[in-house]
Amino acid sequence: MKKIIIANWKMNPQSAKEAERLFRAVAQGIRGVKNVDVIIAPPFVYLESLNAISYKLQVHFGAQDCFWEDRGAYTGEISPVTLKTLGVRYVIVGHSERRAHLGETDEMINKKIKAALKAGLIPVVCIGERERNHLEDTLLFLKGQLKKDFDGIKPSAAKKIIVAYEPIWAIGTGKAENSDDAQKIAVYIKRVLQELLNAKAALAIRIIYGGSVSAKNAASFVKGGVRGMEGLLVGGASLQADEFVKIVRSVALQK
Ligand code: 13P
């Protein structure tokens, strides 16, 4: 299956002009790359203008969040249905920065996953522990998050869902997870999903890794095929076109 690399630009860059420049540089750099799906998740306000210049380019779009209702009196929120009309295919849900700064709970995230699926978007569900002491504790914590986030999700929706494992201690710190533990965690997440849904559904859900991904370490996370991470969620490094292009190209070389 194709690997997936999502660029989470977070609250960057600060102008549409810069966003366009970055987007063009990335699109140019990944020309001709096969077997990797590249998704750019810019701030909402750039989605329309970037989509307008994406014709014939090998990129898809993602949003960084959505609301759980389709329409109505929810000041400041963005409907998943609106995102769909803007050409968005993916939506990041439950990013740890939203959990931490905006008080998003697993219950809210669960509603967002359901709303995204209903609107025909692919939710990228973020989970991850704050600190790492023992791997066993991390696994239990992740299980707890998955249980709540996937409550009431039907196995038939599985192939439309991505789970992003992003340990909070690795985000923006330059200290990425080691690839062996990342692989163990990918296998464990699949096992939990098998319990929560079923074996077929667990196999269909792609697990990706995020947290200080760089051109140096990117390939190490995806080398395990379906038994490892099947893609990456990239923050800081996705704002430097050269570095991000190197990440995409190094992953494209993996089987
Ligand atoms: P960094 O790649 O900057 O560590 O951020 C990861 C992340 O939060 C992507 O969603």
Side-chain angles (χ1 to χ4, degrees), residues 1-10 26 29-30 33-41 59-60 62 90 92-97 122-132 134-136 138-139 141-143 145-146 161-193 202-255:
M1 212 199 275
K2 266 188 169 182
K3 300 274 190 298
I4 179 164
I5 301 186
I6 306 175
N8 178 8
W9 286 2
K10 307 192 180 181
V26 168
I30 61 170
V33 170
K34 299 212 172 66
N35 65 43
V36 179
D37 273 330
V38 177
I39 291 111
I40 306 288
V59 284
H60 302 295
Y90 299 80
I92 298 170
V93 174
H95 193 282
S96 59
E97 285 153 13
I122 298 179
V124 180
V125 184
C126 299
I127 57 170
E129 79 283 10
R130 186 159 295 285
E131 334 172 274
R132 169 74 56 80
H134 302 290
L135 189 58
E136 286 68 33
T138 291
L139 299 180
F141 178 80
L142 298 178
K143 186 175 190 171
Q145 281 190 320
L146 286 168
I161 303 177
I162 293 171
V163 171
Y165 169 60
E166 292 207 303
I168 298 171
W169 51 266
I171 295 179
T173 59
K175 282 190 255 156
E177 170 67 288
N178 75 69
S179 56
D180 288 346
D181 280 353
Q183 201 149 329
K184 278 185 205 150
I185 287 169
V187 171
Y188 178 79
I189 291 173
K190 289 255 178 191
R191 204 183 313 145
V192 173
L193 291 171
L203 211 60
I205 294 183
R206 279 178 293 174
I207 319 290
I208 65 174
Y209 170 79
S212 293
V213 171
S214 67
K216 275 211 181 87
N217 63 25
S220 70
F221 293 111
V222 298
K223 62 180 190 231
V226 285
R227 287 191 62 76
M229 295 290 170
E230 297 168 270
L232 302 166
L233 180 51
V234 186
S238 72
L239 298 171
Q240 302 160 40
D242 286 357
E243 179 80 2
F244 185 68
V245 167
K246 278 189 201 155
I247 290 174
V248 173
R249 290 193 170 273
S250 70
V251 168
L253 292 174
Q254 304 302 307
K255 285 262 159 12

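From a predicted model like this one, the values you see are computed outputs, not experimental measurements.
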| task | Would you name the heavy atoms of Ile168 and Ser96 that are closest together and state the gap between them? | result | CG1-CB, 3.6 Å

| Does a side-chain heavy-atom distance below 4.5 Å link Leu193 with Ile207? | yes

| Roughly how far, to the nearest 0.5 Å, is the CG atom of Leu146 from the CG atom of Leu139? | 10.5 Å

| message | side chain to side chain contact (heavy atoms under 4.5 Å, CB included) for Ile4 and Ile39? Distances and angles first, verdict last. | response | CA-CA 8 Å; Ile4 179 164; Ile39 291 111; 3.4 Å; yes

| With a 4.5 Å heavy-atom cut-off, do Val125 and Ile161 have their side chains touching? | yes

| So do Val222 and Ile208 actually touch side chain to side chain, heavy atoms under 4.5 Å? | no

| query | Is there a side chain to side chain contact (heavy atoms under 4.5 Å, CB included) between Ile30 and Val36 once you walk through the steps? | reply | CA-CA 10 Å; Ile30 61 170; Val36 179; over 6 Å; no

| message | So, using side chain to side chain donor-acceptor pair (under 3.5 Å) as the criterion, who are the partners of Lys2 when residues are at least two apart? | response | Asp37

| Heavy-atom closest pair, residues Ala252 and Asn35 | O-OD1, 3.2 Å

| said: With heavy-atom distances below 4.5 Å as the criterion, would you say the side chains of Leu232 and Ile6 are in contact? | reply: no

| task | Give the intermediate values and the outcome of side chain to side chain contact (heavy atoms under 4.5 Å, CB included) for residues Ile205 and Ile162. | result | CA-CA 6 Å; Ile205 294 183; Ile162 293 171; 5.9 Å; no

| query | When rounded to the nearest 0.5 angstrom, what is the spacing between CG in Asn8 and NE2 in His95? | reply | 5.0 Å

| said: Among residues at least two apart in sequence or on other chains, which ones pass side chain to side chain donor-acceptor pair (under 3.5 Å) with Lys184? | reply: none

| field | Least distance between heavy atoms, Phe221 atom then Ala182 atom | value | CD2-CB, 3.8 Å

| query | Side chains of Val163 and Ile127: does their closest heavy-atom pair fall under 4.5 Å? | reply | yes

| said: Under a 3.5 Å distance rule, please check whether Lys190 uses its side chain to pair with a backbone N or O of Leu203 as donor and acceptor. | reply: yes

| said: Any non-hydrogen side-chain atom of Tyr209 less than 4.5 Å from a side-chain atom of Pro167? | reply: yes

| Atom SG of Cys126 and atom CD1 of Ile171: how far apart are they, to the nearest 0.5 Å? | 7.5 Å

| With sequence neighbours left out, what residues match Glu97 under side chain to side chain donor-acceptor pair (under 3.5 Å)? | Lys10

| field | Interatomic distance, Ile40 atom CD1 to Tyr90 atom OH [nearest 0.5 angstrom] | value | 12.0 Å

| task | Could you list the residues that satisfy salt bridge (Lys or Arg N to Asp or Glu O under 4.0 Å) with Glu166, not counting sequence neighbours? | result | none

Using atom types as modelled, flag every donor-acceptor pair under 3.5 Å from a side chain in residues 242-251 to any protein atom, sequence neighbours excluded.
| residue | atom | partner | partner atom | Å |
| --- | --- | --- | --- | --- |
| Glu243 | OE2 | Ala215 | N | 2.8 |
| Arg249 | NE | Gly29 | O | 3.1 |
| Arg249 | NH2 | Gly29 | O | 2.9 |
| Arg249 | NH2 | Arg31 | O | 3.0 |
| Ser250 | OG | Lys246 | O | 3.3 |
| Ser250 | OG | Ile247 | O | 3.0 |

| task | For the residue pair Lys175 and Ser212, establish whether any side-chain heavy-atom pair is separated by less than 4.5 Å. | result | no

| message | Rounded at 0.5 Å granularity, tell me how far CD1 in Ile5 sits from OG in Ser238. | response | 11.0 Å

| Are Met229 and Gln183 side-chain neighbours, meaning at least one heavy-atom pair lies under 4.5 Å? | no

| field | From His60 atom NE2 to Ile122 atom CD1, the distance as rounded to the nearest 0.5 Å | value | 9.0 Å

| Looking at Gly128 and Gln145, what are the two nearest heavy atoms and their distance? | N-OE1, 2.9 Å

| task | Only counting residues at least two apart or in another chain, list the ones meeting side-chain contact (heavy atoms from CB on, under 4.5 Å) with Arg132. | result | Glu129, Leu135, Thr138, Tyr165, Trp169, Glu177, Asp181, Ile185

